[in-house]
Protein chains: 2
Amino acid sequence: MKTAARKFKDTIYQELSKTAKALGNPHRMEIIDLLAQGPFTVETIARYTGMTIANTSQHLQVLKNAQLVAINRKGNHIYYQLTGENVYATWTSLRELGMAHNAEVKKAIDDYRKGYHNGTAVTAAELLEKVHAGNAIVLDVRPEDEYHRGHIHNAISIPLDQLEKRIRELSKKQEIVAYCRGSLCMLVEEAVALLTQHGYKARKFDDGYMDWALKGYPTAMTI
Amino acid sequence: MKTAARKFKDTIYQELSKTAKALGNPHRMEIIDLLAQGPFTVETIARYTGMTIANTSQHLQVLKNAQLVAINRKGNHIYYQLTGENVYATWTSLRELGMAHNAEVKKAIDDYRKGYHNGTAVTAAELLEKVHAGNAIVLDVRPEDEYHRGHIHNAISIPLDQLEKRIRELSKKQEIVAYCRGSLCMLVEEAVALLTQHGYKARKFDDGYMDWALKGYPTAMTI
DNA sequence: CGGGCATTCAATAGATTTATTGAATAGATA
DNA sequence: TATCTATTCAATAAATCTATTGAATGCCCG
């Protein structure tokens, strides 16, 4: 026979583990990571993650049941978004833990970054100084709507997929510091490689926008 | 064909989800919660969680493979312990998230508390007043070492497992406000029930020490 | 060296999770 | 009202996770 205390604990841990289970799938982790940038439709999420629509929807239902995401109808589309900042905070916590304890993760990131030969990254403190001094072009290479929702103060937006054809908008004389979402987002690597290749003085800020914003550093948004 | 970027993401999310998966089981969550108190043997963990030894061992292997716990031989026993503070930090983050978003959890805690018929809890503001006025005994029922690391200003320490035999140290005339860790810790409920049963005027402060300290209310520590 | 004890391993059946498929639904638009 | 479109549901087979059992391992101590 179980004591009341045992039953209580069983319930609590059972319920709490549901949250962790919902996060414990690679596709759903990628979805959380993506939704941290803002609300997206099922179709967009599916395209980003390379899943079928039906499969994506199914994973979104799991996240919704665990109260990690919520929906928001707009016209013919349904936008999914995180239910709160604490969802992203927990995902960050898990990511940090994984990155600290899992050698495979470290190796994969290292290998991928090394493949680009993009030199060392600018630190947040260095970038803050550059932003204040105004002696560097800060370049946001994320998709444009993510830029509009929030970006580093004084940054300009050229999404990666437009960078090649719009590259003349940039100056070869000033240093360019490019950034994207951060941590696991590798848009910035491709951007810096492209810029360097075209003779620009480009460096990367690979902490990304989320980290910058979380530090309370200056941001802006356009409406 | 998958792009290099897609392969990279697959690897990363696959690996990161392993950590979340390891945490995504009620038994393993309880083990993590227990190991936060310090190292324990398999047998102790099994007894505490109500599992068989073999099953406990199996879950511990899962946690070990995910690098969340490590072993430490001592004589004939093997002690399991968390591999770092960040493991507990992540578990805390998950717990907070679950408690914030999961109605079942809130309800279970509520119901369990109600089962003790310990009356209503003292709010933090009320307790603050009582502490200032000095017209209540503030009683810390956590294990003694936790009391020493930090406690509510002017609280006295009688760990729950010593309360029955040391109960005469308390006065029946003054109101007693007991507290423990908070959230999932139910020591305080048992303490108040015991005190009431012995004719003391006891109430509970069930936010617990962590909440009190986080509010910036007065605390003290002994060395 | 050998008995005893704590822990792990291996096998298995039952439960849960996952991706895929094609059909169903619910809002918007006309 | 009928049609269109984005999204969800339902069914299924394959994969993975879980608890249980009993046997195997490895370490201590006499």
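Just so it is clear: chains get the letters A, B, ... in the order the sequence lines come, proteins before strands, and each one is counted from 1.
None of A:Arg142, A:Glu146, A:His148 except one satisfies the side-chain contact (heavy atoms from CB on, under 4.5 Å) rule with A:Glu144; the exception is A:His148.
No side-chain donor-acceptor contact under 3.5 Å links B:Tyr179 and B:Asp206. Using a 3.5 Å distance cut-off with no hydrogens or angles, the side chains of A:Thr83 and B:His101 do pair a donor with an acceptor. Side chain to side chain, B:Tyr13 and A:Asp33 meet the donor-acceptor criterion of an N or O pair below 3.5 Å. Side chains of A:Thr90 and A:Ser93: no donor on one and acceptor on the other come within 3.5 Å. With 3.5 Å as the limit, one finds no donor-acceptor pair spanning the side chains of A:Asp207 and A:Trp212.
At a threshold of 4.0 Å, the pair B:Glu15-B:Lys18 counts as salt-bridged, since one of the basic side-chain nitrogens sits closer than that to a carboxylate oxygen.
Remark: A:Arg6 is not positioned above the aromatic ring of B:Tyr112, lacking an NZ or CZ atom under 6.0 angstrom from the ring centre and at most 45 degrees off the axis.
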Derivation of the salt bridge (Lys or Arg N to Asp or Glu O under 4.0 Å) call for A:Glu169 and A:Arg166: CA-CA 6 Å; A:Glu169 295 175 24; A:Arg166 291 176 56 188; 2.8 Å; yes
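Protein atom CE of A:Met51 is 8 Å distant from nucleotide atom P of C:dA19, rounded to whole Å. Here D:dA11 presents its C1' atom at 15 Å from CG of A:Asn55, a figure rounded to the nearest Å. The interatomic distance linking A:Leu60 (CG) with C:dA19 (C1') rounds to 15 Å, in whole Å. B:Gln61 places its CD atom 11 Å from the P atom of C:dA10, with the value rounded to the nearest Å. For the pair A:His59 NE2 and C:dT17 P, the interatomic distance rounds to 12 Å; values are reported in whole Å. Summarising the geometry, the separation between CD1 on A:Ile31 and P on C:dT18 is reported as 11 Å, rounded to the nearest angstrom. Atom CD1 in A:Ile78 sits roughly 9 Å away from atom C1' in C:dA26 (whole-Å rounding). Note: NZ (A:Lys74) to C1' (C:dG27) measures 16 Å, nearest angstrom.
Between its opening and closing five pairs, the helix from C:dC1-D:dG30 to C:dA30-D:dT1 changes axis direction by 30°, a value rounded to 10 degrees.
Picking from C:dA6, C:dT20, D:dT5 the nucleotide with the shortest atom distance to the side chain of B:Asn76 gives C:dA6. Relative to the side chain of A:Ile53, the nucleotides C:dA19, D:dT7, C:dT8 differ in distance, and D:dT7 lies closest. Closest to the B:His77 side chain, of the nucleotides C:dT7, D:dC9, D:dA19, is C:dT7.
Using a 4.0 Å cutoff on non-hydrogen atoms, no part of residues 15-28 of chain B comes near DNA chain C.
Contact annotation: A:Gln58 does not reach the phosphate of C:dA19 (side-chain N/O to OP1 or OP2, under 4.0 Å). Proximity of A:Tyr80 to the phosphate of D:dA6: no side-chain N or O atom is located under 4.0 Å from OP1 or OP2.
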